[in-house]
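A short write-up of the structure that comes next.
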Amino acid sequence: MKVTVDTILSLSESDGVDELQKHLTLLSDDQLTTMLTNSAVKGKDAGVLIKAIFKGSPVSVSHGANRRLLVYKHCIPLCESGDLQTEVTSDIIGLLMLETHSLPGHALATLASLYVDAIKLGEMNSGRSLELFPTILTALAATEALAYGKGELSGDEYKKQLINSLCSSRNCIFCVRDVPLSAEELQFLIEKILRMFLKLDLQEIPPLVYQLLLLTAKGCKKLVLEGIISYFKKQDQLQKEEQRNGESEDVEVQTILQDQLRHVEGTVILHIVFAIRLDHELGREFFKNLKAAQSDPLCPFSIALLLSVARIQRFEEQVFEFLKGAITKNFKDDQIQHSSKFLQELLPQFNSISNMILDTVKNSVFGWDHVTQGLVQLGFILMDSFGPKAGAFGKVTEGASSTAKTPNQLACRLGGQVLLESFKMHEPIRGEILEQVLNRLVTKTASPVTHFIDLLSSIVMSAPMILLESSSKVTETFDQLSYLPLSTVEGLLKAVQPLLKASMSMKDALILVLRKAMFSSNLDGRKSAVAGFLLLLKNFRILGSLASSQASQAITSSQVQADVHSRYNTAANEAFCLEILSSLRRCLNQQADVRLMLYEGFHDVLRRNSQLASSIMQTLLSQLKRYFEPEQDLLPPLKLESCISAHGDQVFIQEPLAHLLCCTVHCLLWNQNIRSGGNVSNDEDDEDEEGGVQSELHTILESITKRMIKSELEDFELDKCAEFSTSSSVGVKNSIYAVLVMGLNEVLMEYNFITANYSKNHFEDVLELFKRYHKVSEILKERAGKGRPTSSKTSRSLLSLGFISTLLTALFRDSTQSREECLSVLRSSGDFLRYSVSVALQKIQQLEETGHTDGPEGQSPDKTFCHLCDITSVLMWRYTNVPSTVEDAGKKEKGQSVSLLCLEGLLRVFTTVLQRFPTRMSNFLSSLGEGEAEGEGSDLTEQTAFYIRQFQRALMNQLSGGEEGFNSKEAQLLVSILSILSRQHNPSSQQFVQMITWTVKICKETNFEDISLTKGLLSLLFNMHVLYKSPVSLLWEMCQDIHSQLGDIDQDVEVEKQSHFAIISMKTAASTTLLVLSQVGKVLDEVDWLIAKKKGQIGNTQQPLGQQDPIEKAVTIQLGTLLTALHELVQTALPTGPCTDTLMRELSRTYSILTTLTKYYIQLCATQPGQLSARLEKLVKLSGSHLTPQCYCFITYVQSGELTAGGPEKLKKKKKEDEAVAAASAKVLRESKAIPNLIFNIEQYEKFLILLSKKSKVNLMQYMKLSTSRDFRINAATLEAALQEQEQQRDENRNPAILKEKSTVVECIHLSI
């Protein structure tokens, strides 16, 4: 009988199940599978046929179960073949899923094995039948027992075996995603998949990551995220190593292609961000993991991931706060480690987070658009948060220096680098970066914006032509110029100057704004206009002007080449510059500040644009004539009354005449020098005109010189009786006159010295001018000394830095025979020599504080550096060749010796060079002209060592000369110089070790009782020693010396006389104590930092508790030595006041850190049970049995000392009681906090020791003595003496005795408490 599909279907629809079973039994396996295949391919009745077969194949009988298994085994590959329609496949799989749970265990096991084998062989390509696999595994897990080998397994165990087998396949994750898994199974599965990453091609990673992220819905979020980040971190490192090796070995073959890796990383980041958008719990786990992994720093991939997650509004603030904290922490940790040799040896070098972030910027060029916006935000957040801040009165709290040093400065610089690199690499965000920078320049008027100006300048220099596309934004900013601070305007205009040459429209817009600003009601607006016009004059050069190389400072761009020498540009520039000059002439009728800016800027304009000389000289001549008295017989030669103006009772300067004369002299001398050198060609008419102007100016200056020498102070209404008080208009006027006269004399001194050509008569004129200057200066000093409020602090000298360099060289180093006579005129005046060096000091200090000096070439770093080298060479020669002892012995004059001034100048010079020119220190030292230093080559260490030896010899001469020849200030200056120079040595160099050895020797052998010298030497020793090794043993020895010198708090105890360091004496012990305690605080900082590091690593490292790791060992040893040192100090009879207060604070901090260490060990015991180290027990014993009891004795000593000192004083000085109330109450408040804080920290330490004892099963409290009850204490001996005294007096007078009895007893008890 032939069985057809129709027959089976009709029997299935009827109730004849038995008949259906008979018909199915007649079919062979091949016939059944052929029937199923034909129905499925045709797409007709396939589902109905399977239902019918299942209906006629009951599971209870073996042939029915086998037939069902046959259907499953045939349908699974059939669905995978791809020959069926999608709807048919879905129907078949759906039916099979419904009937899966009815299959017997062995059938389920067979099907599961079938799936596993097919997946391993890669036969499940279409994946259509994979939906059935999870159902099979779920049903299998519910089976009680299955035959496995010779024994049996539960269904759940069998499922685990299958999953384990399956995990070796790449496609396993697709198969088990919907399978119910326990936490252990899920963790096992994910770990196995993550290990498989390394075996896969990069292109296979993103889909696998996507599936893993889907799997995180079941759990193990942390494991998945850690695994993905760890994988890409390793890939980055491998790629860098290959790239590095390839560059060194010229190998071009790479196993990891950079562009491929970056694109894969970008895709994976997108997958993770998408998953976090859908599952915020995944995002929270991500942040939790990052914050916990303190020992495992960020990497470029995780930073890029963070910045992409920042696009999700919910996490934006969290991302940037975390990154800010991580960046500053990295910089701080790096700074802490670099400042201590102890930490450098203990911990490996930290990975630089700034390099990682900049790597992220570089990587983002590979299509990481989802990261770029985060980079821009991060850059501006760093610059806003960590840029320089405005302090009191608008003063910048962090001065600009050439190198960033503090963590805040480094973070701000990093923000600028991120923005600059992002601007270069990503075109879409350029407009936004530029707009935000310009907005900040306009809106942040109350705080410094130098960092944004530097960024804008870098952007302009890197891509000026790109910026021209956004010229409208720059032009809009110009409209705000008159409302911005002057420093912002100057910085902005310098930054955009290259654009002005390339864009006529931008230049025209700026000129229009500057013209409006010239008539602004705001003084800063008018000053901004002057600054802008001067900048334009400097940079729009006329043909025939000096080349840029001859100018002092050139602001140009390699990418902007304006053809300033073409005929059109030359003509246009000349007309343009003359037009600007005519605008600037209007400033000569405005306030003094505006005129001053003009005078200070004219010289630089002339140097950069020499063809404007005629116009500038004519302008200056006309202005000078307004104040020049042409009558040769009249004194004084200048009309000072015209230089001031009054408004009501207020008197103020209208014309800075000294600056006008200074500008005139500098322009005249420079122009004369250039013309005489024949560097500039010109028309004969112009030459005649200029020659006439120059001749007239020389005549005027000579006339002023002669008449200023003849003039007396009375001619200027100044004398010793004149009033200089700021509270009256007469005093203000006299102060202005005095400053003007001093400035005029200085300018004339410079003019006459330069034009003298070493003429004796001219040098005598210079000396006479100085005498007039000095007389006014002494009057002002005398008035200030009497306590009268004078107009202001000493005004800046108008001598130029270049002239100071020339003058000092002539005074001290010029040995030319023909000049000897004329120079002796100036050298004979000690006041003039001191004045010359003092002005040099003033200029150096200005350079250190602002980065530039007044006068010509003061804005040029290169010229300034050259002058600085020349000045230093002279100062060095003068100090080393004419010792101060010789000078002082020869003559005793008022004021500091020249040698001492030279030494002070050297200190300031070394400080300035390190701050402003740190990369040119080697050039600086080699330029000083000392023979041995030059011979020792260009090695900075050797050069520094040479000069260190010179200053060491000078200090030794001071110390060996006895107390009569000892100059405390000179010794302090020498120590300060040695301290600065020693920083140039590498701590690992032999020279550094020699320096430390020498310093230790000096401290051990010097017994001068000079507090300042002691502080300087010990500070030098500590600063160097910490870079060589830990100073704790040094501190212990010093504490022993202090104890020996000051004695014990118990007067009956005789302290063993010890003297490790002779420099510590009875006189210097107190100041030494403060230095030692300061160093103790730094050591405690390091220990606290180390404990915090170890706390972050708990759980990440498995260290047996019995085997102490190196960091724990080092911490224990450091604390042990510190406790021993403090044990000496708490027994010392320190003078009450700062010493005792500081010691209290450091003791309190020590116990606080001991508590932190105890908490760390409590945490460690919870994760790693074991025995405590013997060193820790010793530390606890040391603190409990030695230090703590002495702390309580020290508290009693401090309190009794204060009361006995305070009681009688109050009785004797009742008149001063009101004045002392504030100071006394502050002192009481301070002490009332210090003592309770110390006791609280001691008790907290003991409390956590009890907890540690319980956790570790070690009785640590056996070393601790019971704390003294300090609420109420009676000194029995004192009370007994008081009672005996009152007995003796009782018989004399009954009533007074009773009163005295009460008061005495109360007082004794009070003293005892």
Side-chain angles (χ1 to χ4, degrees), residues 393 395-396 399 486-487 490 527 531 591-604 640 643-644 652-667 724 726 732 734-751 753 769-770 772-781 783-784 790-808 831-832 834-860 863-864 867-868 871 895 901 904-905 908-909 911-912 916:
F393 309 107
K395 188 177 179 181
V396 181
L486 179 62
S487 58
E490 289 179 330
K527 288 166 77 173
Q591 285 93 336
D593 285 352
V594 180
R595 300 186 194 190
L596 188 59
M597 279 199 70
L598 195 59
Y599 299 150
E600 289 178 344
F602 264 156
H603 184 269
D604 278 345
L640 294 190
C643 297
I644 61 171
F652 49 88
I653 189 167
Q654 182 69 31
E655 175 66 66
L657 185 58
H659 287 83
L660 168 60
L661 193 66
C662 181
C663 175
T664 306
V665 166
H666 287 144
C667 291
F724 293 95
T726 54
V732 173
N734 287 340
S735 297
I736 293 172
Y737 277 2
V739 171
L740 286 176
V741 169
M742 288 168 67
L744 290 167
N745 279 312
E746 280 192 312
V747 173
L748 292 170
M749 281 157 56
E750 181 169 347
Y751 169 75
F753 186 94
L769 287 167
F770 168 71
R772 268 72 185 157
Y773 167 89
H774 187 63
K775 195 178 290 185
V776 179
S777 174
E778 288 299 310
I779 290 173
L780 288 178
K781 284 180 185 175
R783 289 291 179 272
T790 50
S791 57
S792 65
K793 62 180 181 180
T794 308
S795 57
R796 281 186 192 154
S797 171
L798 292 184
L799 300 183
S800 64
L801 188 66
F803 171 66
I804 287 294
S805 171
T806 305
L807 177 63
L808 290 177
D831 285 336
F832 185 73
R834 276 191 291 276
Y835 161 76
S836 304
V837 181
S838 298
V839 174
L841 260 67
Q842 187 190 96
K843 296 292 178 184
I844 294 164
Q845 185 175 3
Q846 186 188 5
L847 182 63
E848 181 188 350
E849 291 171 355
T850 63
H852 57 81
T853 61
D854 296 330
E857 301 176 345
Q859 299 286 340
S860 166
K863 293 280 186 182
T864 306
H867 293 318
L868 202 58
I871 290 171
L901 285 170
E904 190 177 341
R908 287 190 180 172
V909 166
T911 308
T912 304
R916 296 289 170 184

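Position 1 is the first residue of the sequence; numbering continues from there. Only a predicted model underlies this, so the values are computations on that prediction, with no experimental measurement involved.
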> Which one of L660, I653, L661 satisfies the side-chain contact (heavy atoms from CB on, under 4.5 Å) criterion with L657?
Replying inline: L660
>> Exactly one of V732, I644, V776 should register a side-chain contact (heavy atoms from CB on, under 4.5 Å) with Y737. Which one does?
In response: I644
> Just checking, is any N or O donor in the side chain of Q859 or D604 under 3.5 Å from an acceptor N or O on the other one?
Replying inline: no
>> Here's a test for you: under side-chain contact (heavy atoms from CB on, under 4.5 Å), which of L799, T664, V665 qualifies with V747?
In response: V665
> Do E655 and Q591 come close enough that some side-chain heavy atom pair is under 4.5 Å?
Replying inline: no
>> Does any part of the side chain of K843, heavy atoms only, come nearer than 4.5 Å to the side chain of R796, both counted from C-beta?
In response: no
>> Test side-chain contact (heavy atoms from CB on, under 4.5 Å) on C663 and E600; report intermediate values, then the result.
In response: CA-CA 7 Å; C663 175; E600 289 178 344; over 6 Å; no
> Do any pairs count as a salt bridge (Lys or Arg N to Asp or Glu O under 4.0 Å) and have a residue in residues 797-808, sequence neighbours left out, and if so which ones?
Replying inline: none
> Would you call V741 and L640 a side-chain contact if the rule is heavy atoms closer than 4.5 Å?
Replying inline: yes
>> With side-chain contact (heavy atoms from CB on, under 4.5 Å) as the test, pick out the partner of I804 among V837, V839, T853, L841.
In response: V839
> After noting the C-alpha distance and the side-chain angles of K775 and F770, does the key distance pass the side-chain contact (heavy atoms from CB on, under 4.5 Å) rule?
Replying inline: CA-CA 8 Å; K775 195 178 290 185; F770 168 71; over 6 Å; no
> Listed by chain and number, what are the side-chain hydrogen bond (donor to acceptor under 3.5 Å, both in side chains) partners of S797, not counting sequence neighbours?
Replying inline: E746
>> Tell me whether the rings of F803 and F753 are parallel (<30°), tilted (30 to 60°) or perpendicular (>60°).
In response: perpendicular
> Rounded to the nearest 0.5 Å, how far apart are CD of Q842 and OG of S838?
Replying inline: 9.0 Å
> Which value, rounded to the nearest 0.5 Å, describes the distance between R595 atom CZ and K527 atom NZ?
Replying inline: 14.0 Å
>> Using side-chain contact (heavy atoms from CB on, under 4.5 Å), reason through D854 and Q846 one step at a time and then give a plain yes or no.
In response: CA-CA 8 Å; D854 296 330; Q846 186 188 5; 3.0 Å; yes
> To the nearest 0.5 Å, what is the distance between CG (N745) and CZ (R772)?
Replying inline: 8.5 Å
> In Å, rounded to the nearest 0.5 Å, how long is the span from OH of Y835 to CG of L807?
Replying inline: 8.5 Å
> Any chance the side chains of E857 and S800 put a donor and an acceptor closer than 3.5 Å?
Replying inline: no
> After noting the C-alpha distance and the side-chain angles of L780 and M742, does the key distance pass the side-chain contact (heavy atoms from CB on, under 4.5 Å) rule?
Replying inline: CA-CA 11 Å; L780 288 178; M742 288 168 67; 3.7 Å; yes
>> When you compare the side chain of Y599 with that of P656, does any pair of heavy atoms fall below 4.5 Å?
In response: yes
>> Is a donor from one side chain sitting under 3.5 angstrom from an acceptor on the other, for Q845 and E849?
In response: yes
> Roughly how far, to the nearest 0.5 Å, is OG of S805 from NE2 of H867?
Replying inline: 6.5 Å
> How long is the gap from CD1 on I871 to OG on S836, to the nearest 0.5 Å?
Replying inline: 11.0 Å
>> Taking the side chain as everything from C-beta on, heavy atoms only, tell me whether M749 gets closer than 4.5 Å to F832.
In response: yes
> Is there a side-chain contact between T864 and H852, using heavy atoms and a 4.5 Å cut-off?
Replying inline: no
